[in-house]
Amino acid sequence: MTLIGKKLKVMHFVSGFKNGGVEQVVLNYTSLLNKNYNIEESVIYQHMADPEKLRLSRQIGNRMYQIPFKKTHPIKNLYATYNLIKKQKPDIVHAHMNLVNFFPLMVAKFLGVPVRISHSHIARDNVNSKLVPFFKKLNMFFATDLMACGEAAGKYMYGNKNFTILYNAIDQSRYQFNKEYRKEIRQRYNIDKNTIILGSIGRNVKQKNQKFLIDIFKDYLKINNNAILFIIGNGELENELDQYIERKKVKNKVIRIKGVSSTEKFYSAFDVFLLPSLYEGLPVVAIEAQASGVTTLLSKNIDKSAIYSENVKLLPIDLGTSYWTENISLNENRNIPITFLNNYNIEEQYTKLFNYYQTLLK
C-alpha cells in the first residue's frame, strides 16, 4: 500500500506530548500512516514530554523535536519553528494547538508551505476570553484548511466556515473487553471479583471536574460500600486532588495512578467509567471506554457525536451527584463484541486522512 513517488512530508505541532487526548490522536493516526504510506512525519512539541510517549512516538517512526514554550519565550518559539520548517520543507503543517494554531501556521505561510491545517480539539475557551475572537480570526487567516474533532469543536472555532471532521479514532479491537485483563488488574491491586470498580482516566486539571467525581463516589458508597474508585492520570492539580480525597475521607477507597503507558487493561477491569468534565472537545477516553463495553457516564458538556454505542448516558453536572449515582449500573453483556463499522475505527479513518492530505496537495 506504499505510495510510489515523492515522500509526503507532514509536520504536526502540538502544545505538549504527555498523556493527553491530542497526543493519543496523533499517535493513533501516525502509527498507521507511517506503516502503510510513503510519508515522513515530525511532531513538534513544547513542554517536557512523557518519556514513554516520546519513546513510543519515535518507535512508530515519528521525528520528535522540542522547541521553547511560546508563552514564556515567544520569540525563541517562533525562531525555532522557522528554522525547523525551513530545514524540513514540509508539504503540510498540521497544527493541533487549538486557539494558538496560528503560531506555527503563520510561520508556515511566510515560508510558503502549501497546505496549512488548523485543527480544533476543543469546544470552549481555554485562554483569556478577550483574546479568543482575535485568535480564531488569526487561525482562519493563516490556515489553508480547517479541521475539527467533531461538530461542536468545529463550530466553536470556525463558526459557519466549512471544516472537515477527523474523528478521534482508535484501534477498537485493542480495547475490547478481555476477561484475562480484568483478572490481571484486580489481582494486581488486590480487589475482590465482587467489588464494583468505578474508573476515570484523564489529566488532573480543572476541566476534568475530578472533585465532583469524588463527590459522586462518596455518595455511591452510601448505596454500595463494596466499591473502589480508580483515577488514572496526573497534572497540575494532583496535590489538590489528593488533599480533597483525604478531606472527603475516601482515601482507603480510591486508587490513584499517576499515569500509565497503555490503558486498555483498566477498561476491562472497570464496571463503570465516569467523565464528568466541565467541557471537552471530543474525549478519546470516551471512545476507548465504549469499545470495552463498560457502562459509560459522560457529562452533558461533551459533544454528543462521541456516542457510538448503547452503553452511554449523558448526564448534567449542575444538578448534583444524585443524577450520577442513580445511573450507575452494570453492563452484563460485555462479551458481545461491538461493531467496528463506525467513525471511530482507526483502520477506516487513517486512510481517509491520507487521502485528504493528497487531495489538498492536488
Side-chain angles (χ1 to χ4, degrees), residues 21 123-124 152 177 186 189 191-233 235 237-238 240-257 263 266-290 292-334:
R124 180 170 157 171
F177 178 70
R186 286 175 174 254
Y189 294 96
I191 299 170
D192 183 85
K193 66 178 182 179
N194 297 316
T195 300
I196 301 300
I197 298 182
L198 309 187
S200 190
I201 300 173
R203 291 171 298 128
N204 301 158
V205 292
K206 185 179 179 182
Q207 170 193 351
K208 301 300 179 181
N209 203 19
Q210 286 156 331
K211 287 183 179 178
F212 184 67
L213 173 67
I214 300 300
D215 293 340
I216 294 168
F217 179 61
K218 186 171 175 66
D219 277 1
Y220 181 68
L221 288 175
K222 297 172 186 174
I223 301 168
N224 179 9
N225 191 52
N226 189 22
I228 292 286
L229 173 65
F230 272 74
I231 301 178
I232 300 175
L237 298 182
E238 61 184 61
E240 192 177 313
L241 182 61
D242 288 336
Q243 290 167 12
Y244 194 75
I245 289 168
E246 287 209 30
R247 195 156 76 243
K248 289 293 180 177
K249 297 183 172 58
V250 292
K251 189 178 179 182
N252 65 327
K253 291 280 193 175
V254 177
I255 295 175
R256 288 271 284 115
I257 302 172
T263 56
F266 289 93
Y267 290 110
S268 287
F270 296 163
D271 295 294
V272 183
F273 178 82
L274 303 96
L275 194 68
S277 302
L278 296 173
Y279 61 93
E280 291 278 0
L282 206 149
V284 177
V285 289
I287 307 305
E288 294 171 348
Q290 289 175 78
S292 78
V294 67
T295 297
T296 303
L297 305 183
L298 306 175
S299 158
K300 272 193 172 179
N301 298 329
I302 291 170
D303 191 336
K304 291 181 179 63
S305 62
I307 297 174
Y308 68 96
S309 75
E310 297 177 352
N311 302 312
V312 187
K313 292 180 182 178
L314 289 175
L315 304 175
I317 57 173
D318 56 349
L319 297 177
T321 58
S322 61
Y323 279 83
W324 292 72
T325 54
E326 288 167 8
N327 280 282
I328 290 176
S329 60
L330 310 186
N331 176 16
E332 304 294 344
N333 298 311
R334 291 184 69 180

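Quick note: residue numbers are just sequence positions, from 1.
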Less than 4.5 Å apart, side chain to side chain, heavy atoms only: is that true for [X] and [Y]?
{"X": "Leu237", "Y": "Lys206", "value": "yes"}
{"X": "Ile201", "Y": "Phe270", "value": "yes"}
{"X": "Lys208", "Y": "Leu213", "value": "no"}
{"X": "Leu229", "Y": "Tyr220", "value": "no"}
{"X": "Thr295", "Y": "Ile328", "value": "no"}
{"X": "Ile255", "Y": "Ile191", "value": "yes"}
{"X": "Phe273", "Y": "Val312", "value": "no"}
{"X": "Val294", "Y": "Phe177", "value": "no"}

Look up atom [atom1] in [X] and atom [atom2] in [Y], then write down how far apart they are to the nearest 0.5 Å.
{"X": "Gln210", "Y": "Asp215", "atom1": "CD", "atom2": "CG", "value": "12.0 Å"}
{"X": "Leu315", "Y": "Thr321", "atom1": "CG", "atom2": "OG1", "value": "11.5 Å"}
{"X": "Thr296", "Y": "Asn327", "atom1": "OG1", "atom2": "CG", "value": "12.5 Å"}
{"X": "Asn331", "Y": "Asn311", "atom1": "CG", "atom2": "CG", "value": "4.0 Å"}
{"X": "Lys313", "Y": "Leu274", "atom1": "NZ", "atom2": "CG", "value": "11.5 Å"}
{"X": "Ile196", "Y": "Leu221", "atom1": "CD1", "atom2": "CG", "value": "11.5 Å"}

**Whether over 12 other heavy atoms sit under 6.0 Å from Tyr323 OH** = no

What are the two closest non-hydrogen atoms of [X] and [Y], and how far apart are they?
{"X": "Ser329", "Y": "Val272", "value": "O-CG2, 3.7 Å"}
{"X": "Arg186", "Y": "Asp271", "value": "NH2-OD2, 2.8 Å"}
{"X": "Arg256", "Y": "Ile245", "value": "CD-CD1, 3.7 Å"}
{"X": "Val284", "Y": "Gly21", "value": "CG2-O, 3.6 Å"}
{"X": "Phe212", "Y": "Gly320", "value": "CZ-O, 3.6 Å"}
{"X": "Ser299", "Y": "Trp324", "value": "N-CH2, 3.5 Å"}

**Prompt:** Are any of the side-chain nitrogens in Arg124 or Glu280 under 4.0 Å away from the carboxylate oxygens of its partner?
**Reply:** no

**Asked** Do the charged groups of Glu240 and Lys211 touch, with an N to O distance under 4.0 Å?
**Response** yes

**Donor-acceptor contact below 3.5 Å, side chain Lys248 vs main chain Lys218** = no

**Prompt:** Judged by atom type as modelled, is there a donor-acceptor pair below 3.5 Å linking the side chain of Gln290 to the main-chain atoms of Tyr308?
**Reply:** yes

**Request:** Given side chain to side chain donor-acceptor pair (under 3.5 Å), test Ser277 with Asn209 step by step and report yes or no.
**Result:** CA-CA 5 Å; Ser277 302; Asn209 203 19; over 6 Å; no

**Prompt:** Which residues pass the salt bridge (charged side-chain N to carboxylate O under 4.0 Å, His left out) test with Arg203, sequence neighbours left out?
**Reply:** none

**Message:** Please determine whether side chain to side chain donor-acceptor pair (under 3.5 Å) holds for the pair Thr325 and Asp219, giving the CA-CA distance in whole Å, both sets of side-chain angles, and the decisive distance to 0.1 Å.
**Reply:** CA-CA 7 Å; Thr325 54; Asp219 277 1; 5.5 Å; no

**Asked** Are Ile214 and Leu241 close enough, and set up right, to give a side chain to side chain contact (heavy atoms under 4.5 Å, CB included), and what steps lead you there?
**Response** CA-CA 9 Å; Ile214 300 300; Leu241 182 61; 4.2 Å; yes

**Item:** Counterpart residues, ring-ring contact (aromatic ring centres under 6.0 Å, His included), relative to Tyr189 (two or more places apart)
**Value:** Phe230

